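Below, chain A is the first sequence line, B the second, and so on; all start at residue 1. Computed from a prediction, not measured in an experiment: that's the story for all the values here.
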There are 2 protein chains.
Amino acid sequence: MITIDYRSREPIYQQIISRIEDLAASGLMSADEQLPSVRSLAVELSINPNTIQRAYNELERRGIIYSVAGKGSFLAKPSEAVREQKQADYLESFREQIRRAVSLGIKLEVLLGLCEKYYKQAEGGASK
Amino acid sequence: MITIDYRSREPIYQQIISRIEDLAASGLMSADEQLPSVRSLAVELSINPNTIQRAYNELERRGIIYSVAGKGSFLAKPSEAVREQKQADYLESFREQIRRAVSLGIKLEVLLGLCEKYYKQAEGGASK
DNA sequence: TTATGTGTACTAAGTATGTTAATACAGTTA
DNA sequence: TAACTGTATTAACATACTTAGTACACATAA
């Protein structure tokens, strides 16, 4: 359900946050659905439970999930505010991405074409 | 000529490597053109000369630049292979970027519009 | 009740990496 | 000679991530 790139420079706990945020934003998981427990996910990913808890902690702070002692952690109702914030963050990073394309000498037409192509591919493959 | 994001998680020396690689790949700098000296760039960016040297060192190892003791560091002849590899890497990451836009519910039209807008901004702002 | 699984909290240590600081030496050029 | 260049080395510092170990409270099922 959640995969990690151990060689990545991005910290494990950050990767977990991103994965679960994406799961929430994409609608692949529904509200109140239960997430893997701190300990079980730690075993599954072969990492320390503290690292998982750090991720879950931050996710709860952001309102992405909610946790109940003794029961488990669950997906919160998707918040429009959260989604908008993520969109805004995304668009900001997109600007940087385009800047790099320019300095690599990639033509605008190529970029637009791939944009459309990849978009439609992802649209077809993804979804609820 | 080279800008750094000090808040980024990406190490400074890595950012410098990327910037200069991009400059080389884009053709904004020509072969044998002189780069800022280790010390001057350190002053300009307000960082330690060792950090610059680390970047230049790696760039030389990759064949992007060459250095001559007493004279300075210069751009190597652009390798078509390097440029193509960088473009390919970029386009691969672009696909992932678009995939994320979809799962965030950003419309294709918005993406295309920003693509064009940011592209032209970067094109105007960039240059030697 | 007991056992087991859940979240939560805390402290300490280990590890890796990036960065700075301070020197020193050698080549180039005006 | 003086003022630039690149290169090299060692030590210390700073930060962040991760692990280890322990403890406690709550929930649920046997």
Problem set entry | Carboxylate-amine/guanidinium proximity below 4.0 Å for A:Arg99 and A:Glu96 |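 Salt bridge: yes.
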
For this session: Do nucleotides 20-30 of chain C as a string where each nucleotide becomes B, S or -: B if the base has a protein heavy atom under 4.0 Å, S if just the sugar-phosphate does, - if no protein is that close.
Result: BBB-B--BSS-

Problem set entry | Those residues that, when tested against B:Pro78, pass side chain to side chain contact (heavy atoms under 4.5 Å, CB included) (two or more places apart) |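 Scan of B:Pro78 (side chain to side chain contact (heavy atoms under 4.5 Å, CB included), adjacent residues dropped) gives B:Ala31.
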
Is the phosphate of [N], meaning OP1 or OP2, less than 4.0 Å from a side-chain N or O of [X]?
{"X": "A:Ser67", "N": "C:dT8", "result": "yes"}
{"X": "A:Arg9", "N": "C:dG18", "result": "yes"}
{"X": "B:Arg54", "N": "C:dT19", "result": "no"}
{"X": "A:Ser73", "N": "C:dG7", "result": "yes"}

For this session: Report the hydrophobic cluster partners of B:Tyr66, with the cluster defined as I, L, V, M, F, W, Y residues connected by side-chain heavy atoms closer than 4.5 angstrom, directly or transitively.
Result: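 B:Val68, B:Phe74, all in the cluster of B:Tyr66.
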
Compile the donor-acceptor pairs under 3.5 Å between side chains in residues 6-15 of chain A and protein atoms, sequence neighbours left out, one pair per line.
| unit_1 | atom_1 | unit_2 | atom_2 | d |
| --- | --- | --- | --- | --- |
| A:Tyr6 | OH | A:Leu45 | O | 2.5 |
| A:Ser8 | OG | A:Glu10 | N | 2.8 |
| A:Tyr13 | OH | A:Arg54 | NH2 | 3.4 |
| A:Gln15 | OE1 | A:Asp5 | N | 2.8 |
| A:Gln15 | NE2 | A:Asp5 | O | 3.0 |
| A:Gln15 | NE2 | A:Glu10 | O | 2.8 |

Exercise. Going 5' to 3' along DNA chain D, which nucleotides are the first and last within contact of chain A (any atom under 4.0 Å from a heavy atom)?
Worked result: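 Endpoints of the contacted stretch of DNA chain D: D:dC17 to D:dT28.
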
In whole angstrom, give the distance that lies between atom [atom1] of [X] and atom [atom2] of [N].
{"X": "B:Glu58", "N": "C:dG18", "atom1": "CD", "atom2": "P", "result": "11 Å"}
{"X": "A:Leu59", "N": "C:dT8", "atom1": "CG", "atom2": "C1'", "result": "16 Å"}
{"X": "A:Leu35", "N": "C:dG7", "atom1": "CG", "atom2": "C1'", "result": "13 Å"}

Problem set entry | 4.5 Å side-chain heavy-atom contact, B:Ile106 and A:Leu91 |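 Side-chain contact under 4.5 Å: yes.
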
Taking only residues two or more places apart in sequence or in another chain, which ones pass side chain to side chain donor-acceptor pair (under 3.5 Å) with [X]?
{"X": "A:Ser30", "answer": "A:Glu33"}
{"X": "B:Glu58", "answer": "B:Arg61, B:Arg62"}
{"X": "A:Asp89", "answer": "A:Gln85"}

For this session: Under the salt bridge (Lys or Arg N to Asp or Glu O under 4.0 Å) rule, collect the residues that match up with A:Glu84, sequence neighbours excluded.
Result: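 With sequence neighbours excluded, A:Glu84 shows a salt bridge (Lys or Arg N to Asp or Glu O under 4.0 Å) to no residue whatsoever.
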
Exercise. What does B:Glu60 touch in the nucleic acid at a heavy-atom separation under 4.0 angstrom: a base, only the sugar-phosphate, or nothing?
Worked result: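 Sugar-phosphate: the residue B:Glu60, judged by heavy atoms under 4.0 Å, touches backbone atoms but no base.
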
